[in-house]
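All of these numbers come straight from a predicted model, not from anything done at the bench. Chain naming here is simple, since letters A, B, ... match the order of the sequence lines and numbering starts at 1 in each.
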Amino acid sequence: MDKEQNLNQNLNQLDKQLFELYKNKKVPPSTHNAIKQAFNKESKKDIRKYIYRFAIYFISILIITTGVVFAKDIYNFISSFFTNSTDGIDEAINHGYVQNIDMDFVYDKDIGIKVDYLVMDEKNLDISYVYENNKEGKISSISINNYNIRYNNNNILYYENDTNNFNTIVKNYTRTNGLKKYNDNIFCESILYSVDELPNISNLIIEINSVTLNEKDVIEGTWMFNINIEKENIEKDIDTYIVSYNEYIKNITTYLNETTFKIEILLNTDFDEDILFNPDNTILSNKDKKEFIRNSMNFININENGEIFKQIILEYDVSKFSDNIDELKLNLRITKDKVIDLIMKKT
Amino acid sequence: MEELIDKAKKGDKEAYTLLIQSLEKDLYCIASVKLNNIEDINDAIQETMLNSYRNIKKLKDPKAFKSWIIKILLNECKKIYARKYKIKELLDKITIICNNKNDDDIRDIEGKIDLEKAIKRLKKEEQLLITLYYLEDLSYIEISRILNINYNTVKTKVLRAKEKLKDIIEKEG
């Protein structure tokens, strides 16, 4: 039996097992009773649930503030945990802004890599990679190390070692959901490329030159992918917001697209980077007081008429498909004593 | 089912309770993908039942009832998840890091592969697709309507989820 026939037969057996599993699923008596009693349920909220919720918030704050050294470690962990939120990208995917890539693994040096899917909007390109390790020995992590991405006729989108100043379009990037391990051999990673202005991309060539195993062993090789972008992904548009006036704001620009809400701020006053680094000091919320996860924060230097300003770039996990985002509020603590409140209304 | 829907539209709560009970396995299985404890699952199902009853008159096509109610359930699960689980997951992760715990073993006590636990090893979205597809009656088209995903995307993702499941079982077998 060849590999494909074997695979199909195994999948058919799995089909049978899965149908059987759900056929035999038992519903707990409490669920049956919950349905039976639903119309008798009190309409006022269960106080116990709210006490539990506030207890969780209290505990998490206590962990953050207790002890100097330990708190800092926990804080850094919390910060990176929150930046791994993918609600915006999930919303985009659920609204069809995903291109599934049907391809086999490309192998070199017993490492297989393939592109699983990509999500693209005006400012972000999210590429999901799957890695397969066929080397002997246990691998705890695998990720791409050195690579370049070109688009449409060899234009550079991302160049890992931009020492020759090839005018890379991607100014900064953040990893979204980090490296995930399915089993000892298969890993998956989604990398978000953030740009000032994403050009119209009809084709991508990704060239990976080395991978890192176990966070220390570098394996050189060549893994290349040539991907044609589906037409629906080429035409993108962004939404913007009108922002209320504030004396400390020199300039502010907003971009809401399919996967992210990006805010670029130039202040005309001093600010404390360490304070801004704390997500609790840069809260974006809607009218219902729902707070959105901050995916990233960066500072870049802007030269304006010979004067250097530090621009604050905030990205939040909001999609243009998210609910209730016509009006948003940004609360910024820029120093110990200075707080800025901005109301943003969608144009 | 259509008769019960008609009665419910006229205000018959008992008919609506019977209607929801006929779908209790589906609702329970789907909510179990999104939520981790039985109290939250039951809350999500109850809220779904009450919200959908309030809006039952807006349902034009009775044949779409199942897809419609699953959508409402997924929204309710999302609300509960956002309210409770993001912080709890964070605390669980902190506990795991502090205690150097390993991921849950997917083998049961006898050392056999537990299919249900293998499903839990998939991404949440994949678990949901597997659940919706194998609960019978739900075609790719129905799933695509419920989740607002392109039909071809649903088909690809279900197949991919199955392959991953097979890999998990084979590798741990």
Side-chain angles (χ1 to χ4, degrees), chain A residues 7 10-11 13-15 17-23 25-28 30-39 41 43 46 49-50 52-53 56-57 59-60 63 73-74 77-78 81-82 85 87 90 93-96 98-100 102 116-117 177 180-186 188 290 293 321, chain B residues 13-14 16-17 20-21 24-25 27-29 31 38-39 41-43 45-47 49-50 53 82-84 86-91 93-94 97 103 115-116 119 121-123 125 130-131 133-136 147-150 152-153 156-157 159-160 162-172:
Chain A
L7 180 69
N10 286 340
L11 283 175
Q13 273 178 334
L14 183 59
D15 274 327
Q17 285 175 312
L18 284 165
F19 276 122
E20 202 61 32
L21 173 76
Y22 286 104
K23 188 179 163 191
K25 214 71 151 122
K26 296 277 181 258
V27 176
S30 64
T31 304
H32 182 81
N33 287 335
I35 293 169
K36 211 169 157 188
Q37 301 299 327
F39 285 116
K41 184 182 163 180
S43 59
D46 188 330
K49 276 189 252 170
Y50 277 82
Y52 174 71
R53 177 173 136 209
I56 293 292
Y57 276 114
I59 289 165
S60 63
I63 290 171
D73 290 336
I74 292 291
F77 169 76
I78 291 170
F81 175 78
F82 279 124
S85 175
D87 285 349
D90 290 345
I93 289 173
N94 286 337
H95 283 80
V98 61
Q99 181 174 338
N100 291 307
D102 188 14
D116 192 20
Y117 66 80
N177 60 13
K180 279 184 182 161
K181 188 176 173 181
Y182 284 115
N183 55 45
D184 282 342
N185 284 1
I186 305 282
C188 165
K290 175 195 158 138
I293 305 288
F321 302 113
Chain B
K13 287 181 180 174
E14 210 176 298
Y16 200 66
T17 303
I20 298 296
Q21 279 176 336
E24 62 180 18
K25 188 166 81 170
L27 299 177
Y28 169 72
C29 289
I38 189 66
E39 198 184 281
I41 291 167
N42 291 343
D43 278 346
I45 293 173
Q46 274 192 335
E47 287 300 317
M49 188 169 157
L50 296 173
Y53 179 75
R83 210 165 60 219
K84 287 179 80 169
K86 287 211 158 143
I87 298 295
K88 190 177 181 303
E89 260 185 36
L90 166 64
L91 293 176
K93 277 190 183 258
I94 293 171
I97 282 179
D103 284 343
L115 180 56
E116 204 158 343
I119 292 171
R121 290 276 289 262
L122 298 173
K123 280 190 221 182
E125 185 199 37
I130 290 285
T131 304
Y133 185 73
Y134 288 98
L135 270 183
E136 298 166 71
L147 299 179
N148 271 332
I149 299 176
N150 176 276
N152 285 318
T153 306
T156 310
K157 287 189 174 196
L159 281 171
R160 195 173 293 140
K162 273 165 55 178
E163 280 173 30
K164 277 183 190 166
L165 203 50
K166 186 187 95 48
D167 281 343
I168 291 169
I169 293 166
E170 272 184 0
K171 295 260 158 58
E172 300 286 339

Between chain B and each of A:T31, A:L21, A:I186, count heavy-atom pairs under 4.5 Å; write down the option with the most. A:T31

Got a second to check how far B:M49's CE is from B:K13's NZ, nearest 0.5 Å?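 Going from CE on B:M49 over to NZ on B:K13, the span is 9.5 Å.
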
Please identify each residue that fulfils salt bridge (charged side-chain N to carboxylate O under 4.0 Å, His left out) with A:K36, with sequence neighbours left out. none

Donor-acceptor side-chain pairing of B:Y134 and A:D15 below 3.5 angstrom: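 Side-chain D/A pair, B:Y134 to A:D15: present.
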
Could you look at A:D116 and say if it's the side chain, the backbone, both or neither that has a heavy atom under 4.5 Å from chain B? both

Heavy-atom contact with chain B under 4.5 Å, split by part of A:L18: both

Parallel under 30°, tilted from 30 to 60°, perpendicular over 60°: which one fits the rings of B:Y133 and A:F19?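 Tilted: the ring planes of B:Y133 and A:F19 meet at 30° to 60°.
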
Which answer fits B:L27, side chain, backbone, both or neither, if we ask what part of it has an atom under 4.5 Å from a heavy atom of chain A? neither

